[in-house]
Amino acid sequence: MEIDPYLSVAEKINSDKFSSIFVLVDENTEKFCLELFIKKSGIKSFNKIIISSGEENKNIDTCISIWDQLNSFKADRKSLLINLGGGVLTDIGGFAASTYLRGIEFINIPTTLLGMVDAAHGGKTGIDFKQLKNQIGVFNEPLEVLLDDEYLKTLSKEEFINGYAEVVKHSLLTDKPDLTFNSLIKLDLFKDSDYIINSYSSVKNEIVESDKYESSIRKILNLGHTIGHAVESYSYISDKVVDLKHGQAIVIGIITELYISYKKFNFPLKDLINVKEHLKNYFSLIQLEEDDIMNIYDLMVYDKKNEGSKINFVLLKEIGKPVIDQIANKDLFIESFRFYNE
Ligand SMILES: NC(=O)c1ccc[n+]([C@@H]2O[C@H](COP(=O)([O-])OP(=O)(O)OC[C@H]3O[C@@H](n4cnc5c(N)ncnc54)[C@H](O)[C@@H]3O)[C@@H](O)[C@H]2O)c1
């Protein structure tokens, strides 16, 4: 028998544990998700806090507006914040809650695929600061993460697919036969979304559980992100390359970092080609020219996860066998983009 994902949240919000409840939404989740949440959770009384959607609003000004609204509704330390939205909203809502009055409890209800499989889990909260993504933040676990794929119905196809890059990443990190990449590709992303969000978020949660503060094993979740983040940042400042969504940039990171894995650790070529071909079914792989690649290389040096001037990669020996803290030289980096562009 299927368990109602709302049971535990409904029990908490309808108990007298909290002095007041706030639901954080942006203009899209207010329109498309709030009614569904009210209906399914049976929530009786709450105050709504609205912020503007978009990565450009994941900043201190939006955070101040959340704190202001909490103040104006006289929130106290026993208040609860429910974050109903995508990764931008759960990141900033988690951060605002974690810092308001030295921390109030929060619940994440992700409404995008990326949020459901990744962003809402694991306790990383934060905001962007001076062009640097997630520069300010704290680790703090939500009280609960509620997964309901019904919210995905109103998500644009582009946003839906954006989250698939992280699903693929999780499938490359796990060695569980029924979840690994070769099992994932047999699924239908749209029809099997409930199974996908529950299974691939659990891959992340298991990794996080063993290393909450990313001192070792949790670093494997950065697969595809060393190069991916640099590509994403580059797309925002470049006049030549269109702004890329996070998922599109991570796909470039996954392909190039698997190529480096192939060169350094004999990651099977057959799997490398399969991953690239599979991703091409969902994402269009933009061509990057020599000067773009050099600029992306320079940007990688600024990635905060790199210690000193060394660039750290997560690489794979094979699917399900990641290795952390690997370095690759500039020539191999350039070569990996030649493979990507082919
Ligand atoms: N904390 C973490 O561990 C972690 C991990 C990965 C990514 N992230 C962060 O996640 C963010 C990206 O999240 P995202 O991809 O979910 O983007 P997003 O939060 O910007 O949401 C995408 C768009 O979809 C809209 N939307 C959300 N749910 C909707 C729904 N059900 N129907 C219609 N529209 C809806 C939003 O309003 C927004 O316009 C980035 O800031 C990234 O840094 C955090």
Side-chain angles (χ1 to χ4, degrees), residues 5 24-26 28-29 32-33 37 51 53-59 62-63 66 81-98 106-128 132-149 151-152 155-156 158-171 173 189 193 196-209 212-214 218-225 228-229 232 244-251 253-254 304-305:
L24 180 68
V25 286
D26 63 29
N28 296 317
T29 59
F32 297 117
C33 308
F37 167 67
I51 56 173
S53 67
E55 186 72 34
E56 66 278 17
N57 292 308
K58 196 173 124 180
N59 57 31
T62 306
C63 210
I66 299 171
L81 183 68
I82 297 175
N83 298 319
L84 183 66
V88 164
L89 189 138
T90 52
D91 271 12
I92 197 165
F95 180 65
S98 303
F106 65 99
I107 288 175
N108 284 343
I109 307 183
T111 58
T112 60
L113 181 64
L114 186 132
M116 291 180 192
V117 293
D118 192 352
H121 308 268
K124 278 190 181 178
T125 74
I127 54 172
D128 304 336
L132 292 169
K133 255 180 84 77
N134 305 324
Q135 187 73 357
I136 308 291
V138 295
F139 282 99
N140 192 21
E141 293 271 358
L143 186 61
E144 190 133 351
V145 181
L146 187 164
L147 296 180
D148 180 358
D149 71 332
Y151 293 111
L152 296 175
L155 201 60
S156 68
E158 192 194 12
E159 285 299 348
F160 200 124
I161 285 173
N162 180 41
Y164 188 58
E166 306 292 351
V167 175
V168 170
K169 180 192 78 178
H170 291 166
S171 81
L173 293 173
L189 174 58
S193 57
I196 287 175
I197 60 173
N198 281 291
S199 306
Y200 290 95
S201 60
S202 74
V203 171
K204 172 167 181 178
N205 284 329
E206 270 181 36
I207 295 165
V208 169
E209 205 43 52
K212 281 194 192 315
Y213 299 105
E214 202 173 272
R218 185 172 177 166
K219 289 184 188 172
I220 66 174
L221 290 168
N222 292 322
L223 176 70
H225 283 62
H229 270 156
E232 190 177 4
L244 293 177
K245 295 214 68 74
H246 182 71
Q248 282 177 294
I250 295 312
V251 159
I254 290 175
K304 65 185 180 309
K305 292 182 186 83

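Model, not experiment: these values are computed from the prediction.
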Qualifying residues under side chain to side chain donor-acceptor pair (under 3.5 Å), relative to [X], sequence neighbours excluded:
| X | result |
| --- | --- |
| Ser171 | none |
| Asp91 | Lys58 |
| Tyr200 | none |

Would the distance check show the side chain of [X] and the main-chain N or O of [Y] forming a donor-acceptor pair, the cut-off being under 3.5 Å?
| X | Y | result |
| --- | --- | --- |
| Lys124 | Val138 | no |
| Lys169 | Leu221 | yes |
| Arg218 | Gly122 | yes |

Which atoms form the tightest heavy-atom contact between [X] and [Y], and what is the distance?
| X | Y | result |
| --- | --- | --- |
| Leu147 | Pro110 | CD2-CG, 3.8 Å |
| Asn57 | Ile92 | O-CD1, 3.8 Å |
| Leu81 | Gly93 | CD2-O, 3.4 Å |
| Leu89 | Leu24 | CD2-O, 3.6 Å |
| Glu166 | Leu114 | CG-CD1, 3.9 Å |
| Gly85 | Thr90 | O-CG2, 3.9 Å |

Report the distance from atom CD1 of Ile197 to atom OG of Ser202, rounding to the nearest 0.5 Å. 11.5 Å
Measure the CG-OG1 distance between Leu155 and Thr112 for me, rounded to the nearest 0.5 Å. 6.5 Å
Trace of the side-chain contact (heavy atoms from CB on, under 4.5 Å) decision for Leu173 with Leu223: CA-CA 8 Å; Leu173 293 173; Leu223 176 70; 4.0 Å; yes
Does [X] reach the side chain of [Y], with side-chain heavy atoms less than 4.5 Å apart?
| X | Y | answer |
| --- | --- | --- |
| Val168 | Val251 | no |
| Phe37 | Ile82 | yes |
| Asn83 | Ile109 | no |
| Tyr151 | Thr29 | no |
| Glu141 | Lys212 | yes |
| Glu232 | Gln248 | no |
| Ile196 | Leu189 | yes |
| Leu84 | Thr111 | yes |

Does CD belonging to Glu209 count more than 12 external heavy atoms closer than 6.0 Å? no
Using side chain to side chain donor-acceptor pair (under 3.5 Å), reason through Ser193 and Asp149 one step at a time and then give a plain yes or no. CA-CA 7 Å; Ser193 57; Asp149 71 332; 3.0 Å; yes
Show the numbers, then the answer: is there a side-chain contact (heavy atoms from CB on, under 4.5 Å) between Asn162 and Glu159? CA-CA 5 Å; Asn162 180 41; Glu159 285 299 348; 3.7 Å; yes
What is the ring orientation for Tyr213 with Phe139, classed by angle as parallel under 30°, tilted 30 to 60°, or perpendicular over 60°? perpendicular
Show your working on side-chain contact (heavy atoms from CB on, under 4.5 Å) between Asp148 and Leu146 and close with a plain yes or no. CA-CA 7 Å; Asp148 180 358; Leu146 187 164; 3.9 Å; yes
Pairing donors with acceptors under 3.5 angstrom, does anything connect the side chains of Asn59 and Asp128? no
Between the side chains of Asn140 and Ser98, does any donor sit under 3.5 Å from an acceptor? yes
Please name the residue in the list His170, His246, Lys204 that meets the side-chain hydrogen bond (donor to acceptor under 3.5 Å, both in side chains) test with Asp118. Lys204
Residues Glu214, Val208; criterion side-chain contact (heavy atoms from CB on, under 4.5 Å); working and verdict: CA-CA 8 Å; Glu214 202 173 272; Val208 169; over 6 Å; no
